[in-house]
Participant: 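Can you keep this structure in mind? I'll have questions shortly.
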Amino acid sequence: MIAPPPFCAIDFGTSNSAVAVPNASTAAGEMCLIELEPAQRTMPTAVFYFTEGAHDADGPPRAFGRAAVAAYVEGHDGRLMRSMKSILGSPLIDQTTDVGGGRGAKYSDIVAGYLKRLRRLAGEPERVVLGRPVFFVDGEPERDAAAQAQLEACARAVGFREVHFQYEPIAAAFDFEQQAIREGKGEQIVLVADIGGGTSDFSIVRVGPERMQRLARRDDILASHGIHIAGTDFDRHIELAGLLQEFGYRTTGPSGREVPSGIYFDLATWHLINTCYSPLRVAEWRGMKSWFTDVRQHARLMTVLEERLGHELAARAEGAKIAVSGGEDTTVDLGHIETGLVLPLSEKTAVAALRADLDRIISTAHETVALAGLKAEQIDALYFTGGSTGLRLLVDGMAAGFPKAARVSGDRFASVATGLGLHARRLFGSAAASEA
């Protein structure tokens, strides 16, 4: 019987997750990212609850990651859950939600179920380092502390007896440090920009070969800051500005009244989409046809609500964001909603939709530098990680404010997990060796 690994590190992300464990084939116990799905070291943070099927020892019938998304796209009866991390720190965490087939599940159990899947794939270790954003909740310390406590409770519920946390951008700094040392570079001050699906987090960290092996790195962390704006917000703005106006968003009806916007905001927010499908809400909007000057827009909206196409629409918006991220115009095929419906999305529209968020993120980066008591020209390198750093508009805009800093891009989806693994090895490595 193969012994479980002594510890692991988990990057539980808003959009994607990854896990690092000690590599048993190396004497030094180097960390490696495991395959969470065939040939994939990262897995979408997604769970699909099937309407049909019996419970087993792990709970209701579910699929995880890409299989969860595929089950939804293929039209299986059930409910797709994404962006579960965004629930932490909110009152929703203790509430029960309908997952189909007359079943309900607490949001905390949904998070725990996903963590249980990751722990099992890791070999069921009992010690873990979990990544966390600088702020789960902006400007509300009590809710932020509650979010970490909720995540820890979920981790302990699935079998982790020792749980530690590390800030995600600091973990990314450890990954950058390892790369820089391999390249023969000395001490540097790096601004880590970890911009993922739910948060944009920044840390100013002093790295270098003489510091790398120290477990206590608090003195090297010059400042940390963050904001709860990132990729899912970009997707929402793209959907509202580029797609949902053709479904009635911000349009004026024959009476001169604007169509109520609440349904559109909920359709553009992953964890609220299913609230749009309640029978009362669908019936309400079915009776609001007279509010629309263009009745085709009402028909499109009703198709989305009655056929439960909100998540698919949001996925098309995310795909459009990715398509324009390199600076080119694109089109969005919505023929599954209305035959022949293809909407153009220009970079200009995307820039206008995202401008306020991009400015706030870039401003937060400069605030982080100021918190460290430094000026922009004292930053030696910008290290970009997180899925949303694939957005050229954002990376170019941030780099423009630090003209003397080297621009370095890490693995957008794995840098944090790699850095968390380095921290876990330093934290647990000696204890694990003594127990072996």
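The figures here come from the full heavy-atom set of this structure, side chains too, leaving out hydrogens, waters and symmetry mates.
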Participant: Grab the two heavy atoms, one from Gly310 and one from Leu267, that are nearest each other, plus how far apart they are.
Facilitator: CA-CD2, 4.1 Å
Participant: Any side-chain heavy-atom pair from Val158 and Leu118 closer than 4.5 angstrom?
Facilitator: no
Participant: Are the side chain of Thr51 and the backbone N or O of Asp77 linked by a donor-acceptor pair below 3.5 Å?
Facilitator: yes
Participant: Can you give me the closest heavy-atom contact between Thr389 and Ala193, atom names plus distance?
Facilitator: CG2-O, 4.1 Å
Participant: Does Ser200 use its side chain to pair, donor to acceptor, with the backbone of Ile229 at less than 3.5 Å?
Facilitator: yes
Participant: As an exercise, state the distance from CD1 of Ile362 to CG of Leu394, rounded to the nearest 0.5 Å.
Facilitator: 6.0 Å
Participant: Where do Ala268 and Leu244 come nearest, in terms of heavy atoms and distance?
Facilitator: CB-CD1, 4.3 Å
Participant: Counting N and O atoms only, with roles assigned by atom type, does the side chain of Arg300 sit under 3.5 Å from a partner on the main chain of Glu246, one being a donor and the other an acceptor?
Facilitator: yes
Participant: Do any N or O atoms from the side chain of Asp329 and from the backbone of Glu347 form a donor-acceptor pair under 3.5 angstrom?
Facilitator: yes
Participant: Within this structure, what is the SG-CD1 distance for the pair Cys8 and Ile34, rounded to the nearest 0.5 Å?
Facilitator: 7.5 Å
Participant: Do the non-hydrogen side-chain atoms of Pro125 and Phe160 ever get within less than 4.5 Å of each other?
Facilitator: yes
Participant: What pair of heavy atoms forms the shortest contact from Pro5 to Pro22, and how long is it?
Facilitator: CB-CD, 4.3 Å
Participant: Measure the shortest side-chain to side-chain distance between Val129 and Phe7 over non-hydrogen atoms and say whether it is less than 4.5 angstrom.
Facilitator: no
Participant: For the pair Thr349 (side chain) and Leu345 (backbone), establish whether a donor and an acceptor sit closer than 3.5 Å, ignoring hydrogens and angles.
Facilitator: no
Participant: Pair Glu367, Ser363 - check side chain to side chain contact (heavy atoms under 4.5 Å, CB included), show working.
Facilitator: CA-CA 6 Å; Glu367 290 170 8; Ser363 176; 3.4 Å; yes
Participant: State, with a plain yes or no, whether a side-chain heavy atom of Glu312 is found less than 4.5 Å away from one of Tyr72.
Facilitator: yes
Participant: Test side chain to side chain donor-acceptor pair (under 3.5 Å) on Tyr107 and Ser90 and set out the steps.
Facilitator: CA-CA 10 Å; Tyr107 281 105; Ser90 79; over 6 Å; no
Participant: Does Arg392 have more than 12 heavy atoms from other residues, nucleotides or ligands lying within 6.0 Å of its CZ?
Facilitator: yes
Participant: Checking Arg426 against Phe174: charged group under 6.0 Å from the ring centre and within 45 degrees of the axis?
Facilitator: yes
Participant: In the structure I gave you, are the side-chain heavy atoms of Arg281 and Ile263 within less than 4.5 Å of one another anywhere?
Facilitator: yes
Participant: Under the criterion side chain to side chain contact (heavy atoms under 4.5 Å, CB included), I'd like the reasoning laid out for His228 against Phe135: C-alpha separation, chi angles, the key distance, then a yes or no.
Facilitator: CA-CA 7 Å; His228 211 265; Phe135 299 116; over 6 Å; no
Participant: What are the two closest heavy atoms between Val69 and Ala46, and how far apart are they?
Facilitator: CG2-CB, 4.2 Å
Participant: Just how far is it from atom OG of Ser388 to atom CG of Asp235, taken to the nearest 0.5 Å?
Facilitator: 7.5 Å
Participant: Is there a donor-acceptor pair under 3.5 Å between the side chain of Arg206 and the backbone N or O of Asp220?
Facilitator: no
Participant: Please examine the side chains of Ile238 and Leu243, heavy atoms only from C-beta on, and report whether any two atoms are closer than 4.5 Å.
Facilitator: no
Participant: Do you know the tightest heavy-atom contact between Ala172 and Val416?
Facilitator: CB-CG2, 4.2 Å
Participant: With a 4.5 Å cut-off on side-chain heavy atoms, are Tyr49 and Arg103 touching?
Facilitator: no
Participant: Set out, in order, the CA-CA distance, both residues' side-chain angles and the distance that settles side chain to side chain contact (heavy atoms under 4.5 Å, CB included) for Thr45 and Lys85, then state yes or no.
Facilitator: CA-CA 9 Å; Thr45 308; Lys85 188 176 180 179; 5.9 Å; no
Participant: Does Asp380 reach the main-chain N or O of Val190 with its side chain, forming a donor-acceptor pair under 3.5 Å?
Facilitator: no
Participant: What's the verdict on salt bridge (charged side-chain N to carboxylate O under 4.0 Å, His left out) for Arg41 and Asp411, showing C-alpha distance, side-chain angles and the deciding distance?
Facilitator: CA-CA 11 Å; Arg41 298 184 305 161; Asp411 185 320; 3.1 Å; yes
Participant: Using 30° and 60° as the class limits, which term best fits the ring planes of Tyr114 and Phe12: parallel, tilted or perpendicular?
Facilitator: tilted
Participant: Mind checking the CD-CZ spacing from Glu168 to Arg132? Nearest 0.5 Å is all I need.
Facilitator: 8.5 Å
Participant: Assess the residue pair Arg407 and Asp396 against the criterion (salt bridge (charged side-chain N to carboxylate O under 4.0 Å, His left out)); give the C-alpha distance rounded to whole Å, side-chain angles, the decisive distance to 0.1 Å, and a yes or no.
Facilitator: CA-CA 10 Å; Arg407 188 189 329 193; Asp396 287 352; 2.9 Å; yes
Participant: Has the side chain of Asp266 got a donor or acceptor atom that lies under 3.5 Å from a matching backbone atom of Cys276?
Facilitator: no
Participant: Passes ring-ring contact (aromatic ring centres under 6.0 Å, His included), Tyr249 versus Phe247? Steps please.
Facilitator: CA-CA 6 Å; Tyr249 172 59; Phe247 293 74; over 10 Å; no
Participant: Measure the spacing between CG of Asp109 and OG1 of Thr96 and express it to the nearest 0.5 Å.
Facilitator: 8.0 Å
Participant: List the steps, then state whether salt bridge (charged side-chain N to carboxylate O under 4.0 Å, His left out) holds for Arg236 with Asp233.
Facilitator: CA-CA 5 Å; Arg236 183 170 65 252; Asp233 299 285; 2.7 Å; yes
Participant: Establish, from distance only, whether the side-chain atoms of Asp175 and Gln179 form a donor-acceptor pair under 3.5 Å.
Facilitator: yes
Participant: Evaluate the side chain to side chain donor-acceptor pair (under 3.5 Å) criterion for residues Ser224 and Ser203: first the C-alpha distance (whole Å), next the side-chain angles of each, then the deciding distance (0.1 Å), finally the verdict.
Facilitator: CA-CA 4 Å; Ser224 291; Ser203 287; 2.9 Å; yes
Participant: Determine yes or no for a side-chain-to-main-chain donor-acceptor pair under 3.5 angstrom, with Glu37 supplying the side chain and Arg66 the backbone.
Facilitator: yes
Participant: Begin from the C-alpha positions of Phe202 and Ile361 and carry the test side chain to side chain contact (heavy atoms under 4.5 Å, CB included) through to its verdict.
Facilitator: CA-CA 10 Å; Phe202 301 93; Ile361 290 171; 3.7 Å; yes
Participant: So Tyr264 and Leu301, do their side chains get closer than 4.5 Å, heavy atoms only?
Facilitator: yes
Participant: Would you give the length of the straight line joining atom CG of Asp333 to atom CG of Leu341, rounded to the nearest 0.5 angstrom?
Facilitator: 8.0 Å
Participant: Under a 3.5 Å distance rule, please check whether Ser409 uses its side chain to pair with a backbone N or O of Phe384 as donor and acceptor.
Facilitator: no
